[in-house]
Amino acid sequence: MRFLLATGVGIVGTGCSDAVADVLGTRDRTWFLTVVGAQWSETRLPTFPYNLVTGRLRADGTYFVSGAVSRAIIPQFDIPVPATGWTLPGNSLEAEVQLVKHWGFQDHIEGTAALVLRSGEIPVFEGLSFNVAWGNGLSYAFSNPAYEFGPDGLRGIGSRRLQYYMGFETEWTHTSLPKIHLVTKLHHRSGIYGIISPQRTGSNYLGAGIRVDID
């Protein structure tokens with residue numbers, strides 16, 4: 001929130017819609033494709049930011065490449081900030097279907113389906129902007145993941161196929177290539193603290209890729 005306020009573009013008064021249109025870039029897309037390559041990160045989700053910032057994030061020798069098809073369900077909407085009269089403009093709601101091929105310490109196919117909430121575009125400098133996104137849905141591994149922990153804390157023993165899926169993204173765009181984007185992503189599978197599967201099962205992958213708008 002403080003960063004968005006500092007940029008002067010993330011939070012604006014409801015009476016400033018014209019100014020918002022002048023400052024914020026708008027996403028004119030319905031369908032888009034994404035390819036991501038990622039590597040296993042040996043961390044729990046709550047400690048991921050700390051481990052990343054302090055350099056304690058350990059990468060293990062298992063990887064994936066994924067292909068995703070996404071569609072903007074609600075291309076543009078504002079989110080009001082309660083009790084302020086302000087809004088967060090330029091957001092979108094998207095549907096995403098993803099196919100993932102794992103290799104290394106585990107070798108299987110995974111599919112995910114999610115709804116993704118994406119922020120408005122935040123300009124940085126010289127035509128460069130970014131947005132952040134948060135996806136929530138389900139992940140299904142078509143065979144038992146050999147490197148994920150099972151409920152007894154043993155890798156590959158009792159690991160679960162169906163898990164909760166969550167994706168965190170940063171998408172970078174330059175005005176010179178408005179339909180091509182660089183994406184950095186955290187791909188997370190878990191049991192939601194025992195709701196879908198036992199606690200401490202699942203995985204985290206950190207990766208990057210390319211996104212292309214096709215419509």
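Phe105 is linked by a ring-ring contact (aromatic ring centres under 6.0 Å, His included) to Tyr147, counting only residues two or more places apart in sequence or in another chain. With sequence neighbours excluded, the residues that form a side-chain contact (heavy atoms from CB on, under 4.5 Å) with Phe77 are Ile74, Ile79, Asn91, Leu93, Leu117. The ring-ring contact (aromatic ring centres under 6.0 Å, His included) search around Phe142 returns Tyr140, not counting sequence neighbours. The salt bridge (charged side-chain N to carboxylate O under 4.0 Å, His left out) search around Glu110 returns none, not counting sequence neighbours. Judged as a salt bridge (charged side-chain N to carboxylate O under 4.0 Å, His left out), and not counting sequence neighbours, the contacts of Glu94 are Arg29, Arg118. The side-chain contact (heavy atoms from CB on, under 4.5 Å) search around Ala95 returns Ile73, Leu115, not counting sequence neighbours. For His102, the ring-ring contact (aromatic ring centres under 6.0 Å, His included) partners at least two apart in sequence or on another chain are Phe64, His108, Tyr205. Under the side-chain contact (heavy atoms from CB on, under 4.5 Å) criterion, Phe149 pairs with Glu42, Arg44, Arg155, not counting sequence neighbours. The ring-ring contact (aromatic ring centres under 6.0 Å, His included) search around Tyr193 returns none, not counting sequence neighbours.
Residue Tyr63 belongs to a hydrophobic cluster whose other members are Val35, Val65, Trp103, with links defined by side-chain heavy atoms closer than 4.5 Å.
Within the structure, the salt bridge (Lys or Arg N to Asp or Glu O under 4.0 Å) test picks out the following pairs touching residues 99-108 (sequence neighbours left out): Lys101-Asp107. Applying the salt bridge (Lys or Arg N to Asp or Glu O under 4.0 Å) rule to pairs touching residues 78-89 yields nothing, sequence neighbours excluded.
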